[in-house]
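On a predicted model such as this, the values are computed, not experimentally measured, just so you know.
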Amino acid sequence: MTREKLYALSEGAEAALSEQFREIDRISFLGTKKVMDAFAEFHVSESLFASSSGYGYDDRGRDVLDQIYARVFDAESAIVRSHIVNGTQALAIGLYGLLRPGDTLLSITGKPYDTLEEVIGIAGTPGNGSLADFGIQYKCVELGKDGGIDLPAVEKALEENPSTKVVFIQRSKGYMNRKTLSPEEIGEAARFVKERCNAYVMVDNCYGEFTAEKEPTAYGVDLIAGSLIKNPGGGMAESGGYLAGTARAVELASYRLTTVGVGGEVGASLGQTKQLYRGFFYAPHTVAQALKTAVFAAYIFEKMGFEVNPLPTEKRYDIIQTVVLGKGNYLCAFCRGIQAGSPVDSFVTPEPWDMPGYTDKVIMAAGAFVQGASIELSADGPMREPYNVYFQGGLTYESGKLGILRAAEEMISEMAKA
């Protein structure tokens with residue numbers, strides 16, 4: 001494909017994708033209404049944005065934000081903190097909070113995301129403090145051939161592992177080329193598990209917030225966790241993470257976050273509260289912008305002859321778009337284009353590197369206002385076959401579209417060298 005054909009193709013993309021864009025806008029409106037209703041219910045005012053220091057006792061802004069997250073996510077309780085450094089830490093807080101020596105962690109969506117491998121203890125150095133170091137077993141059930149949760153295999157695993165305390169579900173695809181699970185599918189699995197054992201069901205909700213009408217907590221999940229520099233931070237949060245779910249599950253997680261007996265009653269906001277409120281207000285709209293960018297990317301790269309997942313017309317339950325590139329140099333070219341089309345550090349050339357927490361070299365393009373913010377225009381992938389690139393984000397559809405076109409141009413140039 002020539003550059004001329006690329007731009008001609010892009011001009012008709014919105015018309016071809018109008019039905020998908022309308023559905024994204026509908027979900028955005030519903031999410032915005034839930035957020036605004038919660039803001040009104042809890043009387044959000046400027047007084048809640050005041051900073052606290054030290055222990056952070058009686059920080060009303062922090063406590064009300066916890067309640068707002070819980071209400072919007074149909075949960076009993078939540079903790080939202082700017083000092084949670086990433087989604088992996090939020091997930092680890094939940095896992096360490098719920099599990100005890102002798103328990104079993106059962107993942108029913110295959111192997112969890114790469115950065116959790118050392119947390120679980122299936123990678124890394126023994127003795128570093130993984131779950132395995134504390135006598136917690138790990139078992140895994142692969143997804144079914146249709147990409148969904150294999151419930152008969154889950155039932156068998158539960159029978160074989162009566163010590164199962166946490167059943168873990170990863171909503172998004174991570175670094176696998178599989179479908180993202182809908183909240184309803186996750187809820188069905190949660191009901192299935194709870195009919196058979198007394199285990200907590202925990203969900204890695206990263207990249208999924210506000211892509212559907214409801215979150216997994218509305219369908220019986222005990223605990224969800226995610227990062228504020230992804231969807232729920234709305235592109236405004238400088239850092240942070242959240243956990244939401246049943247009162248008991250969140251309480252146990254809060255004891256791991258701070259200490260037993262203290263939990264979520266402390267934690268200075270240090271001037272970050274307004275950004276967290278503002279980000280949550282923007283979140284449904286910002287996620288919609290990222291979804292439109294992802295749909296546009298799927299359309300363009302499918303027309304260029306690449307396998308894409310999901311397809312442009314498929315229903316989406318996270319902001320990630322996978323493109324199967326097939327070659328390492330194509331993966332690098334795609335990331336160069338995204339970096340060049342970013343508002344920050346557009347002059348930088350991304351290169352593969354040994355990123356902490358990953359077993360393979362990873363290349364990442366992220367010219368973001370907040371370092372590593374996946375809700376902003378970004379793309380990454382491990383340097384291993386089939387050389388998938390995982391694209392996400394876009395604070396505005398217009399800037400995301402420009403980034404995708406730059407990535408396509410780089411790909412065209414790289415393909416011409418063959």
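- Atoms CD1 and CG, on Ile68 and Asp66 in that order, are 9.5 Å from each other to the nearest 0.5 Å.
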>> Is there a side-chain contact (heavy atoms from CB on, under 4.5 Å) between Gln20 and Thr313? Walk through the geometry before answering.
In response: CA-CA 7 Å; Gln20 286 71 37; Thr313 56; 3.8 Å; yes

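- With salt bridges taken as basic N to acidic carboxylate O contacts below 4.0 Å, none links Lys401 and Glu398.
- For the pair Arg71 and Asp37, the salt-bridge criterion is not met [side-chain N within less than 4.0 Å of a carboxylate O].
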> Under the side chain to side chain donor-acceptor pair (under 3.5 Å) criterion, do Tyr317 and Glu184 qualify, and how do the steps go?
Replying inline: CA-CA 10 Å; Tyr317 299 105; Glu184 291 85 354; 5.0 Å; no

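- In this structure the side chain of Tyr397 reaches within 4.5 angstrom of the side chain of Glu14, judged on heavy atoms.
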> Would Asn205 and Glu215 satisfy side chain to side chain donor-acceptor pair (under 3.5 Å), going step by step from the backbone distance to the final call?
Replying inline: CA-CA 8 Å; Asn205 208 36; Glu215 300 303 322; 3.0 Å; yes

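- Judged by the 6.0 Å distance and 45° axis criteria, Arg196 is positioned over the aromatic ring of Phe192.
- Looking at Asp318 and Thr180, their side chains do bring a donor and an acceptor atom within 3.5 Å of each other.
- A salt bridge is absent between Lys361 and Glu351: the closest approach of a Lys/Arg side-chain nitrogen to an acidic carboxylate oxygen does not fall below 4.0 angstrom.
- Between Cys197 atom SG and Leu158 atom CG the span is 4.5 Å, to the nearest 0.5 Å.
- Although no hydrogens or angles enter the test, the distance criterion places a donor-acceptor pair under 3.5 Å between the side chain of Asn86 and the main chain of Gln89.
- In this structure a side-chain-to-backbone donor-acceptor pair under 3.5 Å is missing from Ser346 to Ala340.
- For the pair Lys327 and Tyr387, the NZ or CZ position fails the cation-pi test of under 6.0 Å to the six-membered ring centre and within 45 degrees of the ring normal.
- Counting only heavy atoms from C-beta outward, the side chains of His285 and Ser28 approach each other to under 4.5 Å.
- Shortest non-hydrogen contact noted between Ile224 and Pro216 is CG2-CB, 4.1 Å.
- Counting only heavy atoms from C-beta outward, the side chains of Leu6 and Ile300 approach each other to under 4.5 Å.
- Side-chain contact between Leu106 and Val166: absent, with no pair of heavy atoms (C-beta onward) separated by less than 4.5 Å.
- Of the possible polar contacts, none joining the Ser269 side chain to the Gln272 backbone as a donor-acceptor pair under 3.5 Å is found.
- Taking every heavy atom of both residues into account, Ala189 and Ile149 meet most closely at CB-CD1, 3.6 Å.
- For the residue pair Pro312 and Leu17, the shortest heavy atom distance occurs at CB-CD2, 4.0 Å.
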> Could you go step by step and tell me if Gln339 and Ser342 meet the side chain to side chain donor-acceptor pair (under 3.5 Å) rule?
Replying inline: CA-CA 5 Å; Gln339 190 74 40; Ser342 299; 5.0 Å; no

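- Salt bridge Asp146/Arg178: absent, no basic N to carboxylate O contact under 4.0 Å.
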>> Show, in sequence, the C-alpha distance, side-chain angles and deciding distance for Phe296 and Phe301, and conclude whether the ring pair (Phe, Tyr, Trp, His ring centres under 6.0 Å) test is met.
In response: CA-CA 9 Å; Phe296 178 80; Phe301 281 94; 9.2 Å; no

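- The NZ atom of Lys5 lies 12.0 Å from the CE atom of Met304; values are rounded to the nearest 0.5 Å.
- Residue pairs meeting the salt bridge (charged side-chain N to carboxylate O under 4.0 Å, His left out) criterion with at least one member in residues 328-338, sequence neighbours excluded: Arg336-Glu410, Arg336-Glu414.
- Checked against Phe210 for a ring pair (Phe, Tyr, Trp, His ring centres under 6.0 Å), the options Phe29, Phe280, Phe281 give a single hit: Phe280.
- Using modelled atom types, one finds a donor on one side chain and an acceptor on the other under 3.5 Å when comparing Asp380 with Gln392.
- Remark: Glu117 engages Lys111 in a salt bridge, criterion side-chain N to carboxylate O under 4.0 Å.
- Note on Lys34 versus Asp74: salt bridge recorded, some NZ/NE/NH1/NH2 to OD/OE distance being below 4.0 Å.
- A ring pair (Phe, Tyr, Trp, His ring centres under 6.0 Å) with Tyr69 holds for exactly one of Tyr242, Phe42, Phe39; it is Tyr242.
- Within the 4.5 Å cutoff, the side chain of Ile136 has no heavy atoms near those of the Thr104 side chain.
- Put simply, OG on Ser45 and CZ on Arg60 are 6.5 Å apart, with the number rounded to the nearest 0.5 Å.
- No hydrogens or angles considered: nothing links the side chains of Tyr282 and Gln289 as a donor-acceptor pair under 3.5 Å.
- Taken from CE in Met202 to CG in Leu95, the straight-line distance is 4.5 Å, to the nearest 0.5 Å.
- Checked for salt-bridge contact, Glu19 and Arg22 miss the test: no charged N lies under 4.0 Å from a carboxylate O.
- At least one donor-acceptor pair closer than 3.5 Å links the side chain of Asn231 to the backbone N or O of Tyr207.
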>> I'd like to know whether Leu325 forms a side-chain contact (heavy atoms from CB on, under 4.5 Å) with Met411, so could you lay out the CA-CA distance, the side-chain angles of the two residues, the decisive distance to 0.1 Å, and finally the verdict.
In response: CA-CA 10 Å; Leu325 298 175; Met411 289 289 297; 3.7 Å; yes

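- For the residue pair Ala253 and Gly94, the shortest heavy atom distance occurs at CB-CA, 4.3 Å.
- With respect to the salt-bridge test (charged N to carboxylate O, under 4.0 angstrom), the residues Asp150 and Lys145 do not qualify.
- Between Pro310 and Lys173 the shortest side-chain heavy-atom distance falls below 4.5 Å.
- When every heavy atom of Val119 is checked against every heavy atom of Ala92, the shortest pair comes out as CG1-CB, 4.1 Å.
- At least one donor-acceptor pair under 3.5 Å links the side chain of Ser18 to the backbone N or O of Ala15.
- Between the CE atom of Met236 and the CD1 atom of Ile375 there is a distance of 13.0 Å, given to the nearest 0.5 Å.
- Taking the charged nitrogens against the carboxylate oxygens, Arg248 and Glu251 do have a contact shorter than 4.0 Å, which makes a salt bridge.
- Taking 4.5 Å as the limit, some side-chain heavy atom of Ile122 sits within range of a side-chain heavy atom of Tyr138.
- Within a 6.0 Å sphere centred on NZ of Lys194, heavy atoms belonging to other residues, nucleotides or ligands number more than 12.
- The backbone N or O of Cys206 lies less than 3.5 Å from no partner atom in the side chain of Arg171, so there is not a single donor-acceptor pair.
- With Asp103 contributing its side chain and Leu99 its backbone, the two residues share no donor-acceptor pair below 3.5 Å.
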> Does the pair Ile319 and Thr211 meet the rule for a side-chain contact (heavy atoms from CB on, under 4.5 Å), with working shown?
Replying inline: CA-CA 7 Å; Ile319 63 171; Thr211 60; 4.1 Å; yes

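- At distances below 3.5 Å, not a single donor-acceptor pair connects side-chain atoms of Arg256 with backbone N or O atoms of Tyr96.
- Side-chain N or O atoms of Gln321 include none that pairs as donor or acceptor with a backbone N or O of Val308 at under 3.5 Å.
- Smallest separation of non-hydrogen atoms from Leu181 and Gly147: CD2-O, 4.1 Å.
- Side-chain contact between Arg81 and Leu228: absent, with no pair of heavy atoms (C-beta onward) separated by less than 4.5 Å.
- Within the 3.5 Å criterion, the main-chain N or O of Leu65 finds a donor-acceptor partner in the side chain of Tyr277.
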